[in-house]
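Throughout, protein chains are lettered first and strands after them, A, B, ... in sequence-line order, and every chain is numbered starting at 1. Not measured: the values here are computed from a predicted model.
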There are 2 protein chains.
Amino acid sequence: MTFDREQVLRSAAALLTRKSTATMDEVAKAAGIGRATLHRHFAGRDALVKALENLGLQEFEAALDAARLDEGTSEEGLRRLIAAVEPSAGLMSFLVNENQLFEGDEVNEGWSRADARVSAYFRRGQERGELRIDLTPAWLTEALYGLVGTGAWSIQAGRVAAQDFQYMIVELLLGGARRSVEQ
Amino acid sequence: MTFDREQVLRSAAALLTRKSTATMDEVAKAAGIGRATLHRHFAGRDALVKALENLGLQEFEAALDAARLDEGTSEEGLRRLIAAVEPSAGLMSFLVNENQLFEGDEVNEGWSRADARVSAYFRRGQERGELRIDLTPAWLTEALYGLVGTGAWSIQAGRVAAQDFQYMIVELLLGGARRSVEQ
DNA sequence: CCCATGTGAGACAATTTCGTCTCACCGAAG
DNA sequence: CTTCGGTGAGACGAAATTGTCTCACATGGG
């Protein structure tokens, strides 16, 4: 009965990931609330999307903090980051594919800051000799986002097991699919 | 002046990738044609999306054929596939994020067939000892799609260089970001 | 018990988008 | 030059969506 802002935003993200043209009425129904209530809390579709972006950014920055990317090896940091991001994967999956934020101002700035942190993490790994230098930090950052989104979507679609989320992403991103000789 | 179906579909994919809620009028303007003309060739938004799916599927299957995935090593096959897919990357980028095809019938069947080919290719690589067996073919397939979409998007957003498309994807997917000892 | 707050359902007009139509125009073929 | 097919622009009503409103009702606090 009571309005749960976060639960509403999460189900909205889940719906909009599958059907990006969903109406406010569909979003409300998916969240189990009335359209009027949805409208009371989010002035319109734009406001809803902006709220999703803000929540996603907030959770991602919290995950970045929790991951303590500057402690230990690159691998340890990445494992902590993916673990911390997993609960927000549904939200991230929506945001990765939501490229409409070309007009946003503060939101975009926030994502630039987060991008810079991830990118700097990859650069440090390269400088310490733990990561290859022939793949740019910018690409590794984008690939990280893409794989998180792909992982969340694959699980939601039932094509991979939910418990493999962290392992799949970390192993592919760090080690790749090739079977190395020393393994 | 003359109607170029493929050019229209490509610009539609590019627009819809950025703004998934774009109207038919916006799609028409982006393609440089009138809304009436767009409507003469595609009955509605659904028909347009279906045409995009069909074109994308057709091009991807052509890329699968051209890649001759059963010849040579896994690495050679993947390089050929990514090279063959690059011209269709914009289309693929749209389709990867277009998860609305839960209703489609023939289209969905076509994609299942393509999925099966990619998945079988990864499985063969595993059986030959060229690829790791702890990452499922289903996940590798999804990751391939995701990385192609991410790569296309990153280039379009200007975050990575267009000429690096093939290298970035193949190297990350096969080798990962970790710097191996033998390198 | 009563009140206050917030919700769901529905009504309603305004706006947007869609689908179809007409018409003038352009270019290529004859 | 004339004809014909196809296009762009715009008009038009239909349909969908939005934004706002009212009202009955549920729930929790005083």
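- One N or O on the side chain of A/Thr136 and one on the backbone of A/Trp139 form a donor-acceptor pair closer than 3.5 Å.
- Position along DNA chain D of the nearest nucleotide to A/Ala43 versus B/Ala36 favours B/Ala36 as the more 5'-ward residue.
- The backbone N or O of A/Ser154 lies less than 3.5 Å from no partner atom in the side chain of B/Glu142, so there is not a single donor-acceptor pair.
- The separation between A/Arg45 atom CZ and D/dG19 atom C1' is 15 Å, rounded to whole Å.
- Atom NE2 in A/His39 sits roughly 14 Å away from atom C1' in C/dC12 (whole-Å rounding).
- What separates CG of A/Asp4 from P of C/dG6 is a distance of 16 Å, to the nearest Å.
- Contact of A/Arg40 with D/dG19 (side chain to base): no donor-acceptor pair of N or O atoms is detected under 3.5 Å.
- The listed nucleotides are D/dT20, C/dC18, D/dT7; the one nearest the side chain of A/Arg35 is D/dT20.
- Classification of A/Arg132 and B/Glu171 as a salt-bridged pair holds, one side-chain N sitting under 4.0 Å from a carboxylate O.
- In the set C/dC18, C/dC21, C/dT7, the nucleotide with an atom closest to the side chain of A/Thr37 is C/dT7.
- When the P atom of C/dT17 is taken as reference, atom NZ of B/Lys29 falls 12 Å away, rounded to whole Å.
- Between the CG atom of B/Leu38 and the P atom of D/dG10 there is a distance of 17 Å, given to the nearest Å.
- Straight-line distance from the CG atom of A/Asp25 to the C1' atom of C/dG10: 12 Å, rounded to whole Å.
- For the OP1/OP2 pair of C/dT7 and a distance below 4.0 Å, the side-chain nitrogens and oxygens of A/His41 include at least one atom meeting the criterion.
- We find that B/Glu75 and B/Arg79 are joined by a salt bridge, their nearest charged nitrogen and carboxylate oxygen being less than 4.0 Å apart.
- B/Ile33 places its CD1 atom 17 Å from the C1' atom of C/dC26, with the value rounded to the nearest Å.
- The distance between atom CE of A/Met24 and atom C1' of D/dT17, rounded to the nearest whole Å, is 10 Å.
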